[in-house]
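Take a look at the structure below.
Scope of the values below: all heavy atoms of this structure, side chains included, with no hydrogens, waters or symmetry mates.
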Amino acid sequence: MLLRFQVTNHASLRDEQELSLIASDRHPGRAERELANGEHSVVPVVAVYGQNASGKSNVIDAIEWMRGAVLSSFRSWDPTVGVPRRPFALRQDAGAWPSTFSMDFALDGVHYEFGFTVDDDRVTEEWLYFHPDRKANRLYERTGDSVVFGRSLTGRKKAIAELLRPNSLYLSVAAAHGHPRLSEVYRWFQHGLRLATDRNFRGRLDHTVRLLLDTRDKNDSAVVDLLRFADLGVSGLEIEEPDESVLDEYRRITQAMRDVLGDKVRVEMPGPRSVRVNHRTGEGVFPLDLADESSGTRTWIGILGPVVSALAEGTVLCVDELDARLHPHLVDALVGIFQSPHLNPSGAQLLFSTHEAALLGKNVRTELYRDQVWFTEKDPESLATRLFPMTEFHVRDSVENLEKRYLAGRYGAVPHLDDDVLRGISLAVGGA
């Protein structure tokens with residue numbers, strides 16, 4: 001369960017930006033979840049709107065980067081090259097400004113707060129607190145290489161601190177060495193928080209395939225049901241295991257290149273399994289290669305694995321540009337699945353960026369409320385992103401047409417199109 005995310009100085013996000021999934025109103029018709037101590041209730045869906053290049057994708061990217069730092073800083077980051085971050089670049093001496101990431105989440109009903117600050121060279125700060133009774137209790141705080149522990153944290157904490165590198169997170173080191181409690185926090189980032197972006201399509205597709213194979217011999221498969229629900233003309237997927245002789249040849253080529261060029265050589269292996277899409281007609285079932293399908297069909301298949309797992313496990317799914325290549329009715333239906341207490345009994349959460357203003361209108365099956373809508377907008381002077389909620393405005397849920405007001409610019413976060421530029425283009429084209 002994700003409660004809140006804060007970031008400073010990442011990509012277009014120069015100043016401190018906060019995205020909250022804490023409910024400001026109660027609506028029995030949506031799949032809200034409450035912390036065990038009653039401290040907060042969180043919403044199941046949050047949508048982020050804004051014009052092109054306003055920073056919507058960088059909000060999702062910042063969450064993805066933080067997750068990657070937790071999972072990879074100890075095992076994968078090169079200890080000799082510092083921190084592979086992307087600070088806000090549109091100011092003088094950009095590298096001199098540190099980046100800070102902080103996330104509040106619930107694990108087994110308990111509120112945790114984890115965060116860290118990095119510069120180009122190292123982790124300068126790191127902290128982890130938990131809130132068993134609405135009061136923050138320290139598990140550990142780090143400043144540079146020095147780590148101070150709270151009484152609640154037991155285990156081999158000091159021995160783990162001796163293995164700490166300047167550019168690795170203490171949480172990552174602790175999980176790699178099997179610390180029981182900190183490994184649970186690590187696993188929340190690993191399995192409780194998933195991302196769906198263009199960069200990880202292959203991994204998401206493999207996820208869909210694994211779920212399908214797990215239910216191949218069962219009568220019920222949420223993946224197949226959602227494939228049919230989307231009205232894509234798809235009756236199922238056909239999975240073919242990889243040709244071991246081809247994989248052996250790739251391994252032989254890779255090793256030969258490494259012998260000549262060094263161990264850092266990477267050769268992209270073919271996908272572990274090939275996917276064909278079955279279409280049923282009056283004349284039978286006809287499989288087509290996934291590459292021959294429309295981009296919308298591929299997009300839907302690629303997101304089904306993360307969607308089904310999130311719903312089954314009650315985890316968080318962050319999607320960049322949910323509406324890209326999908327019909328508005330299908331996007332509306334997907335949002336509605338997460339919003340519905342009946343279809344989302346485990347309290348999964350969907351956080352997505354979008355341009356689809358129809359989701360705010362009156363002609364959709366899913367109603368988003370004011371505490372579920374956020375906007376991004378560029379500051380005209382610094383070109384930095386400002387992230388702000390619809391709750392900053394006076395909005396009456398279920399009364400006002402949010403789509404109409406948004407497109408009319410009442411909340412900002414829409415492009416300002418200069419008609420004088422079009423007139424100039426007309427003159428230039430006419431004189432060409």
Salt bridge or not between [X] and [Y]? Use side-chain N to carboxylate O under 4.0 Å.
X	Y	result
K56	E377	no
R210	D206	no
R30	D371	yes

Is a side-chain donor-acceptor pair under 3.5 Å present for [Y] with [X]?
X	Y	result
Y411	E392	no
T299	R325	yes
T354	D323	yes
Q6	Q17	no

For the [atom1] atom of [X] and the [atom2] atom of [Y], what is their distance to the nearest 0.5 Å?
X	Y	atom1	atom2	value
F5	F101	CZ	CZ	6.5 Å
S221	R228	OG	CZ	8.5 Å
S24	I22	OG	CD1	10.0 Å
L139	L182	CG	CG	7.0 Å
L360	L402	CG	CG	5.5 Å
E18	E16	CD	CD	7.0 Å

Has [X] got a side-chain atom pairing as donor or acceptor with [Y]'s backbone, closer than 3.5 angstrom?
X	Y	value
R67	L193	yes
W300	L226	yes
N344	P341	no
T124	T117	yes
T208	G305	yes

Closest approach of [X] and [Y], non-hydrogen atoms and distance?
X	Y	result
R204	L195	CD-O, 4.0 Å
L317	A310	CB-CB, 4.3 Å
V42	L2	CG1-O, 4.0 Å
L169	S73	N-OG, 3.1 Å
S183	A175	OG-CA, 3.6 Å
Y170	E126	N-OE1, 2.8 Å

* Greater than 12 external heavy atoms within 6.0 Å of K404's NZ ->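 At most 12 heavy atoms, drawn from other residues, nucleotides or ligands, come within 6.0 Å of this atom.
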Taking the side chain as every heavy atom from C-beta outward, state whether [X] and [Y] have any atom pair closer than 4.5 Å.
X	Y	answer
Y129	H111	no
N52	S54	no
L35	M1	yes

For [X] and [Y], I'd like to know if the aromatic rings sit close, meaning centre-to-centre distance below 6.0 Å.
X	Y	answer
Y112	H131	no
W127	F116	no
F189	F105	yes
H191	Y186	no

Just distance, no hydrogens or angles: give the donor-acceptor pairs under 3.5 Å from side chains in residues 83-95, sequence neighbours left out.
residue	atom	partner	partner atom	Å
R85	NE	D120	OD1	2.7
R85	NH1	W97	O	2.7
R85	NH1	S99	OG	2.9
R85	NH2	G95	O	2.9
R85	NH2	W97	O	3.0
R85	NH2	D120	OD1	3.0
R86	NH2	D61	OD2	2.6
R91	NH2	N9	OD1	3.1

* Asked: Does H207 have any side chain to side chain donor-acceptor pair (under 3.5 Å) partners at least two apart in sequence or in another chain, and if so, which?
  ->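 Result, side chain to side chain donor-acceptor pair (under 3.5 Å) vs H207: S309.
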* Report the residue from Q372, R365, E32 that forms a side chain to side chain donor-acceptor pair (under 3.5 Å) with Q339. =>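 Exactly one pass, corresponding to Q372.
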* Show your reasoning for whether side-chain contact (heavy atoms from CB on, under 4.5 Å) applies to V48 and F375. => CA-CA 5 Å; V48 181; F375 303 105; over 6 Å; no
I'd like to check the side-chain contact (heavy atoms from CB on, under 4.5 Å) partners of [X]; sequence neighbours left out, ordered by chain and number.
X	value
S346	none
T385	S12, L13, T376, K378
S340	H342, L343

* Tell me, which pairs form a side-chain hydrogen bond (donor to acceptor under 3.5 Å, both in side chains) where one or both residues lie in residues 286-296, sequence neighbours left out? ->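 Found R276-D289, H279-E293, S294-T297.
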* Asked: Got a sec, which residues hit ring-ring contact (aromatic ring centres under 6.0 Å, His included) with H327, two or more places apart in sequence or on another chain?
  ->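 H327 satisfies ring-ring contact (aromatic ring centres under 6.0 Å, His included) with H329 only.
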* Taking ring-ring contact (aromatic ring centres under 6.0 Å, His included) as the test, write out the residues that go with H355, two or more places apart. =>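 H355 satisfies ring-ring contact (aromatic ring centres under 6.0 Å, His included) with no other residue.
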* Could you list all the salt bridge (Lys or Arg N to Asp or Glu O under 4.0 Å) pairs where at least one residue sits in residues 184-195, not counting sequence neighbours? =>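 Residue pairs with at least one partner in residues 184-195: R194-E313.
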* Asked: Got a sec, which pairs hit salt bridge (Lys or Arg N to Asp or Glu O under 4.0 Å) with one end in residues 94-111, sequence neighbours left out?
  ->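 Every salt bridge (Lys or Arg N to Asp or Glu O under 4.0 Å) pair that includes a residue of residues 94-111, provided the two are not neighbours, is R4-D104.
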* Assess whether side chain to side chain donor-acceptor pair (under 3.5 Å) is satisfied between T366 and D332, documenting all intermediate values. => CA-CA 6 Å; T366 305; D332 180 14; 3.0 Å; yes
* Is there a side-chain contact (heavy atoms from CB on, under 4.5 Å) between S172 and R75 once you walk through the steps? -> CA-CA 8 Å; S172 304; R75 294 185 182 275; over 6 Å; no
* **Trace of the side-chain contact (heavy atoms from CB on, under 4.5 Å) decision for V59 with L19** => CA-CA 9 Å; V59 174; L19 179 69; 4.2 Å; yes
* Asked: When you measure from the centre of the six-membered ring of F130, is the NZ or CZ of R181 under 6.0 Å away and within 45° of the axis?
  ->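 Output yes; distance and angle both within limits.
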* Quick one: which residue pairs count as a ring-ring contact (aromatic ring centres under 6.0 Å, His included) with a foot in residues 14-37, not counting sequence neighbours? =>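 Applying ring-ring contact (aromatic ring centres under 6.0 Å, His included) to every pair that reaches into residues 14-37, excluding sequence neighbours, yields H27-Y369.
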* Could you list all the ring-ring contact (aromatic ring centres under 6.0 Å, His included) pairs where at least one residue sits in residues 32-51, not counting sequence neighbours? =>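 For residues 32-51, and leaving out neighbouring residues, the ring-ring contact (aromatic ring centres under 6.0 Å, His included) pairs sorted by first residue read Y49-Y406.
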* Could you please spell out the steps behind the side-chain contact (heavy atoms from CB on, under 4.5 Å) verdict for D121 and N167? => CA-CA 7 Å; D121 300 316; N167 74 333; over 6 Å; no
